[in-house]
*Asks:* 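Attaching a single structure in C-alpha cells format; questions to follow.
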Amino acid sequence: MEEPITLYFWPTPNGFKASIMLEEVGAPYQVKFVDINNREQYDPEFLAISPNNKIPCIVDPEGPDGNPLAIFESGAILHYLARKFGMLYPSNERAKADVDQWLFWQVGGLGPMFGQAFHFRSAAPEKIPYAIDRFTKEVERLYGVMDRRLSDRQFLAGSYSIADIATFPFARNWERLDLEITNYPNVKRWLDEVGARPAVIKGLSLKKI
C-alpha cells in the first residue's frame, strides 16, 4: 500500500493549491496543520522541511529514489506532483512552456500582488492610500490579462492544468478587494467552471476543526 504524502497546510490560497492538486491526482495524503496565526511556521520541526517558513510544503515518503523527499514552495509542489502522477502537465515541450509561463505568472504576479493589496487594505495598521491604490490597480490589470487570455480558450493553457490550480485559489477571492467581477466575464466563466470540479470543492473544504 502506498504511504500517504504529508501535507503541511493552513487554509490560505497557497495552501489550497496543494490540497486541490493532491485531490486532483488522487494521491493518498495526511494533513498536518501549521497555524500561521500562532507562528507555528517558525517551529524548528517545520523549519527543517520548509526553510522559507511558509506553507504549504509536502513530504513524499516515496520520492524519486525511493527515499523521502520534502518540497516547499507551492509552484514546485504542483510541478512535482504533476510529474510524479503524470497528470495536469503536458508531455509536449511547446505545451509545457505554455503551462509554465502561466504558472509563473501566478507565482510571481497575481499571488504576490493580491497578497499586498489585501494586506494594505485590510491588515496594515496604517491605511496608506498610495499602497492600496498601487496594488489594487495592479491586481485589476492582472485580472484583465487573464480575462483576455481566457477569451478564446477554456483554461489558461488550453487544457486544465497546474496553471489553473495555482491561479484559482487567489482569483476566486475577488470580493476581498472589492473588484467588479462583471468587468471580467471570461474570468467569471472560468471561476465557475474550475470551482465546480469535485477535487477543487474537496480541496477547498480542508480546514482545522
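The figures that follow rest on heavy atoms only: side chains count, while hydrogens, waters and symmetry mates do not. Residue indices begin at 1 and follow the sequence shown. Being a predicted model, the structure only gives us computed values, none of them experimental.
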*Asks:* Whether the side chain of Asn92 engages the backbone of Ala95 through a donor-acceptor N/O pair (distance < 3.5 Å, no angle test) should be reported.
*Replies:* yes
*Asks:* Could you tell me whether Lys96 atom NZ has more than 12 heavy atoms of other residues or ligands within 6.0 Å of it?
*Replies:* yes
*Asks:* Evaluate the ring planes of Phe135 and Phe120, with Trp represented by its six-membered ring, and classify them as parallel (under 30°), tilted (30 to 60°) or perpendicular (over 60°).
*Replies:*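 Correct class here is parallel.
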*Asks:* Under 4.5 Å between any side-chain heavy atoms of Val187 and Trp174, yes or no?
*Replies:* no
*Asks:* What are the two closest non-hydrogen atoms of Met146 and Trp190, and how far apart are they?
*Replies:*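 Result for this residue pair: SD-CZ3, 4.3 Å.
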*Asks:* Is a side-chain N or O of Lys32 found less than 3.5 angstrom from the main chain of Leu7, in a donor-acceptor match?
*Replies:*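 Side chain of Lys32 to backbone of Leu7: no pair is present.
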*Asks:* Where the side chain of Asp35 meets the backbone of Glu40, is there a donor-acceptor pair that is under 3.5 Å apart?
*Replies:* no
*Asks:* Considering residues, nucleotides and ligands other than Gln101, do more than 12 of their heavy atoms fall under 6.0 Å from its CD?
*Replies:*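 Buried by this count: over 12 neighbours within 6.0 Å.
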*Asks:* Does the structure place the NZ or CZ of Arg172 under 6.0 Å from the centre of the six-membered ring of Phe16, at an angle of no more than 45° from the ring's axis?
*Replies:*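 Yes, Arg172 sits over the ring of Phe16.
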*Asks:* Look at the rings of Tyr8 and Phe46 and say which category their plane angle falls in: under 30° parallel, 30 to 60° tilted, over 60° perpendicular.
*Replies:* tilted
*Asks:* So, is the end of the Arg197 side chain (NZ or CZ) under 6.0 Å from the ring centre of Phe168 and within 45° of the ring's axis?
*Replies:* no
*Asks:* For residues 72-89, which residue pairs pass the salt bridge (Lys or Arg N to Asp or Glu O under 4.0 Å) check, not counting sequence neighbours?
*Replies:* Asp60-Lys84
*Asks:* Decide salt bridge (Lys or Arg N to Asp or Glu O under 4.0 Å) for Asp98 and Arg149; before the verdict, give the C-alpha distance in whole Å, the side-chain angles of both, and the deciding distance to 0.1 Å.
*Replies:* CA-CA 12 Å; Asp98 203 16; Arg149 175 67 176 180; 2.8 Å; yes
